[in-house]
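Every value quoted in this text rests on a predicted model; they were computed, and no experiment measured them. Start at 1 with the first residue, then count along the sequence. Both ligands and their constituent atoms are indexed starting at 1 by order of listing.
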Amino acid sequence: AGRERTLIAVKPDGVQRRLVGQIIQRFEQRGFKLVGLKMLKAPEDLLSQHYHNLQKKSFYPYLLCYMTSGPVVVMVWEGFNVVQTSRMMVGSTNPAEAQPGTVRGDFSIHVSRNVVHASDSVAGAEREIQLWFNGRELIDWDCCDHNIVCE
Ligand code: DAT
Ligand code: MG
């Protein structure tokens, strides 16, 4: 269970607003381990696979436009229960409903500009990690406090 992984991405609005450092800091201080990190301008075909379940939504064209408007910072974080915990740290999809203390609840106001992505299930995380990263880009390393933060 300690090796569960999830995909977290700082979306173009988060990069533009220079929130990357603060977002990384939240995951580090919570106790998770960074195992992959890169910045890229996401190609449209990658985004269409990433958001394959939303292609029929009315907002989908705007979503693609926003997600290709600038670079994203994509990360893989590892640790106990990281998928569920990071969804809580990110907050509700609609920032108007996101609790203060969450990334969206602290840094955003509108659903179309909600700063960050987090995988919503373990299976979804595995799919998204394979989509955004190749195996060589994910680093297996031992964090010295592993046995301190997790049994
Ligand atoms: P989440 O990102 O919380 O997993 P989702 O997978 O349902 O949410 O949707 C993906 C993204 O699509 C979401 O982060 C922002 C955008 N989106 C969702 N609902 C929207 C809406 N009603 N209007 C505009 N954008 C929306
Ligand atoms: Mg989602």
Side-chain angles (χ1 to χ4, degrees), residues 1-135 137-139 149-150:
R3 287 181 54 83
E4 188 173 298
R5 289 177 170 182
T6 197
L7 187 93
I8 303 295
V10 184
K11 296 176 177 181
D13 54 331
V15 176
Q16 288 287 340
R17 294 171 58 201
R18 294 172 291 269
L19 297 174
V20 174
Q22 292 190 64
I23 291 166
I24 289 176
Q25 183 170 36
R26 288 174 180 229
F27 286 86
E28 284 192 327
Q29 76 186 15
R30 188 72 190 247
F32 294 121
K33 178 170 75 172
L34 184 61
V35 297
L37 173 75
K38 63 181 171 185
M39 185 181 207
L40 71 158
K41 284 187 169 166
E44 210 165 301
D45 65 313
L46 176 56
L47 289 167
S48 68
Q49 292 179 73
H50 178 80
Y51 284 130
H52 70 104
N53 59 323
L54 299 175
Q55 280 171 22
K56 295 194 178 81
K57 301 281 188 185
S58 57
F59 59 80
Y60 180 76
Y62 303 102
L63 178 62
L64 273 203
C65 185
Y66 154 55
M67 290 297 295
T68 55
S69 66
V72 294
V73 172
V74 197
M75 304 174 265
V76 178
W77 288 90
E78 182 181 298
F80 175 75
N81 204 34
V82 66
V83 172
Q84 193 189 341
T85 301
S86 61
R87 287 290 287 192
M88 289 183 54
M89 292 167 66
V90 162
S92 299
T93 302
N94 185 350
E97 291 159 15
Q99 294 296 317
T102 64
V103 176
R104 289 166 173 166
D106 288 349
F107 297 126
S108 61
I109 54 176
H110 194 270
V111 66
S112 67
R113 302 286 187 273
N114 62 5
V115 176
V116 70
H117 168 80
S119 307
D120 68 1
S121 65
V122 172
E126 280 167 11
R127 187 184 73 82
E128 291 173 2
I129 289 166
Q130 280 188 27
L131 206 53
W132 288 87
F133 286 87
N134 71 51
E137 294 174 316
L138 300 175
I139 311 301
V149 298
C150 189

Using side chain to side chain contact (heavy atoms under 4.5 Å, CB included) as the criterion, list what pairs up with Tyr51, not counting sequence neighbours. Lys11, Leu54, Tyr60, Leu63, Met67, His117
Just which atoms of ligand 1 are under 4.0 Å from any heavy atom in Tyr51? 10 (C)
Does ligand 1 have an atom under 4.0 Å from some heavy atom of Asp120? no
Mark yes or no for whether Gln49, through its side chain, and Leu46, through its backbone, hold a donor-acceptor pair below 3.5 Å. no
Heavy-atom contacts with Asn114 under 4.0 Å: which atoms of ligand 1 show up? List them by number with element. 13 (C), 14 (O), 15 (C)
To the nearest 0.5 Å, atom CZ of Arg26 lies from atom CE of Met89 at 7.5 Å
Going by the order shown, which atoms of ligand 1 are within less than 4.0 Å of some heavy atom of Lys11? 13 (C), 14 (O)
Taking 4.0 angstrom as the limit and counting only heavy atoms of Arg87, give me the atoms of ligand 1 inside it, by number and element. 1 (P), 3 (O), 4 (O)
So the atoms of ligand 1 within less than 4.0 Å of a heavy atom of Leu54 turn out to be 9 (O), 10 (C), 12 (O)
Does any N or O of ligand 1 fall below 3.5 Å from an N or O anywhere on Arg104, backbone included? yes
Give the atoms of ligand 1, by number and element, whose distance to some non-hydrogen atom of Leu63 is under 4.0 Å. 12 (O), 16 (C)
Can you name the side chain to side chain contact (heavy atoms under 4.5 Å, CB included) partners of Val122, sequence neighbours left out? Glu4, Val83, Glu126
